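Quick note: numbers below take in every heavy atom, side chains included, and nothing from hydrogens, waters or symmetry partners. These numbers come from a predicted model, not from an experiment.
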Amino acid sequence: MPLLLTLQEGDPPERYARRLGVLKFLHRRLFARADAIQVISTFLADWAKRSGAMVDPVVIPNGVDIERFSQRISPEERMKLRAELGYAADDLVLFSASRLSYKNGVDLLIRSIEKLPQNVKVLLAGDGEDRETLEALARELSVADRVTFLGNQTHERLASLLQALDVFVRPSRSEGLGNAFLEAMAAGVPVIGTPVGGIPDFLKEGETGWLAPAEDVEGLAKAIEQLLQTPKEERDAVVRRAEELVRTSYAWPAL
């Protein structure tokens, strides 16, 4: 019977290798026996080859519900939602949607706002094993009043939240692909990520988004500052290119 492997692993390869432990040889044997391998990014294609794959992996990325995330809310709805969330008109809100875990670098985002003006706030959608640790970190850094933990949200709610806020930021330590980035791009939101895992497949500095160095709080704060200071015309052009990329290459009908 033919063996098909599909890879969507998002954890850093070194952490994955530690989990395998003494079973690493079985992992390599599985890749060597596969008749076909489907992956969601070129990063995972390369990882499959390093893991012993004898066939060329086929990249078929995850898709985005473009109809949901490209729908726009009115300026009045946007202001109302921001007010409900407790934000003033001059607040600059950094939004991140992810599992609250080590790989997504939420701790780096919280540390970065300590170095940014007081009107820069962070809104976090999602939950996970690191929530209590992250809440404690915000208190320790005296930025708890600038960081809001929303918990898990529906896709419908996420689509509205994205358009009500200012920048999507996720300083990931690793990503299989990064669907949350693509959803933000479809929603017409400026995006900051890191050049790790599958993110470079779609996020190009100054073309479809902005990149910050991985594991670098100072570098992340600098990237956020640079984006916020980018002229509106230039920022809007990047956002349009990002939205078009998602529409043509990552929307469900295109895959």
* To do: Ignoring hydrogens and angles, tell me if any N or O in the side chain of D127 forms a donor-acceptor pair with the backbone of N152 under 3.5 Å.
  => no

* Any idea which heavy atoms bring A48 and I37 closest together, and the distance? -> CB-CG2, 4.4 Å

* Examine distances only and state if a side-chain atom of R146 and a backbone atom of N119 form a donor-acceptor pair shorter than 3.5 Å. => no

* Would you confirm whether Q163, through its side chain, and Q71, through its main-chain N or O, come within 3.5 Å as a donor-acceptor pair? => yes

* To do: Following the transitive rule for hydrophobic clusters with a side-chain heavy-atom cut-off under 4.5 Å over Ile, Leu, Val, Met, Phe, Trp and Tyr, establish whether V167 and L182 coincide in one cluster.
  => no

* Is there a side-chain contact between L100 and E129 (heavy atoms, below 4.5 Å)? -> no

* Closest approach of A164 to I73 (non-hydrogen atoms, all atoms of both residues) -> N-CD1, 4.4 Å

* What's the spacing between L134 CG and R131 CZ if we round to 0.5 Å? -> 9.5 Å

* F181 vs F202 aromatic rings, parallel, tilted or perpendicular, using cut-offs 30° and 60°? -> tilted

* Asked: So, do P171 and V169 sit near enough that their side-chain heavy atoms are less than 4.5 Å apart?
  -> yes

* Structure fact -> Contacts of K115 meeting side-chain hydrogen bond (donor to acceptor under 3.5 Å, both in side chains) (sequence neighbours excluded), chain-then-number -> E218

* Just how far is it from atom OH of Y102 to atom CG of L108, taken to the nearest 0.5 Å? -> 8.5 Å

* Asked: What heavy-atom pair brings M54 and A32 nearest, and what distance separates the two atoms?
  -> CG-O, 3.5 Å

* Please answer: with hydrophobic residues joined when any side-chain heavy atoms are less than 4.5 Å apart, are V147 and L85 in the same cluster? => no

* Asked: To the nearest 0.5 Å, what is the distance between CZ (R247) and CZ (F69)?
  -> 13.5 Å

* Asked: Quick one: do L124 and L150 end up in the same hydrophobic cluster if we chain Ile, Leu, Val, Met, Phe, Trp and Tyr together by side-chain heavy atoms under 4.5 Å apart?
  -> no

* Asked: Is L141 close to I110 at the side-chain level, that is, under 4.5 Å between some pair of heavy atoms?
  -> yes

* To do: Could you go through the side-chain contact (heavy atoms from CB on, under 4.5 Å) check for T6 and V39 one step at a time?
  => CA-CA 6 Å; T6 180; V39 297; over 6 Å; no

* Check V120 against I113 and note the closest heavy-atom contact, atom names and distance. => CG1-CG2, 4.4 Å

* To do: Output yes when a side-chain donor or acceptor of N104 lies under 3.5 Å from a complementary backbone atom of R99, and no otherwise.
  => yes

* To do: Check salt bridge (Lys or Arg N to Asp or Glu O under 4.0 Å) between E205 and all other residues, then give those that pass, not counting sequence neighbours.
  => none

* Asked: So with a 6.0 Å cut-off around CG of D56, is the heavy-atom count from everything else above 12?
  -> no

* To do: Return the set of residues passing salt bridge (Lys or Arg N to Asp or Glu O under 4.0 Å) with K103 (not counting sequence neighbours), or none when no residue passes.
  => E175

* Closest non-hydrogen atom pair between S249 and P61, with its separation -> O-CG, 4.4 Å

* Shortest non-hydrogen contact from A45 to P57? -> O-CG, 3.7 Å

Per-pair distances, 0.1 Å, donor-acceptor, side chain in residues 189-199, under 3.5 Å, sequence neighbours excluded:
| from | atom 1 | to | atom 2 | distance (Å) |
| --- | --- | --- | --- | --- |
| T194 | OG1 | S172 | N | 3.3 |
| T194 | OG1 | S172 | O | 2.7 |

* Contact list for residues 82-93, test side chain to side chain donor-acceptor pair (under 3.5 Å), sequence neighbours left out -> R82-D166, D91-K121

* Asked: Is there side-chain contact between R78 and P75, with heavy atoms separated by less than 4.5 Å?
  -> no

* Does any non-hydrogen side-chain atom of M185 lie less than 4.5 Å from one of T208? -> yes

* Stepwise side-chain contact (heavy atoms from CB on, under 4.5 Å) test for L161 and Q153 -> CA-CA 10 Å; L161 287 171; Q153 304 292 305; 4.2 Å; yes

* Asked: Which is it for V122 and F149 under the side-chain contact (heavy atoms from CB on, under 4.5 Å) test, yes or no, and what are the steps along the way?
  -> CA-CA 9 Å; V122 169; F149 292 82; over 6 Å; no

* Start with the C-alpha distance between D130 and V106, add both sets of side-chain angles, then the distance that settles side-chain contact (heavy atoms from CB on, under 4.5 Å), and finish with yes or no. => CA-CA 9 Å; D130 287 354; V106 181; over 6 Å; no

* **Distance (rounded to the nearest 0.5 Å) between N62 CG and I40 CD1** => 4.5 Å

* Side-chain touch V64/W252, heavy atoms, less than 4.5 angstrom -> no

* Asked: Ion pair present between R173 and D107, side-chain N to carboxylate O less than 4.0 angstrom?
  -> yes

* To do: Given side-chain hydrogen bond (donor to acceptor under 3.5 Å, both in side chains), test D201 with S41 step by step and report yes or no.
  => CA-CA 7 Å; D201 280 10; S41 65; 4.7 Å; no

Which atom pairs, one a donor and one an acceptor, fall under 3.5 Å between side chains of residues 236-245 and the rest of the protein, sequence neighbours left out?
| from | atom 1 | to | atom 2 | distance (Å) |
| --- | --- | --- | --- | --- |
| D236 | OD2 | K232 | NZ | 2.6 |
| R241 | NE | E207 | O | 2.8 |
| R241 | NH2 | G206 | O | 3.0 |
| E243 | OE1 | R72 | NH2 | 3.1 |
| E243 | OE2 | R72 | NH2 | 3.1 |

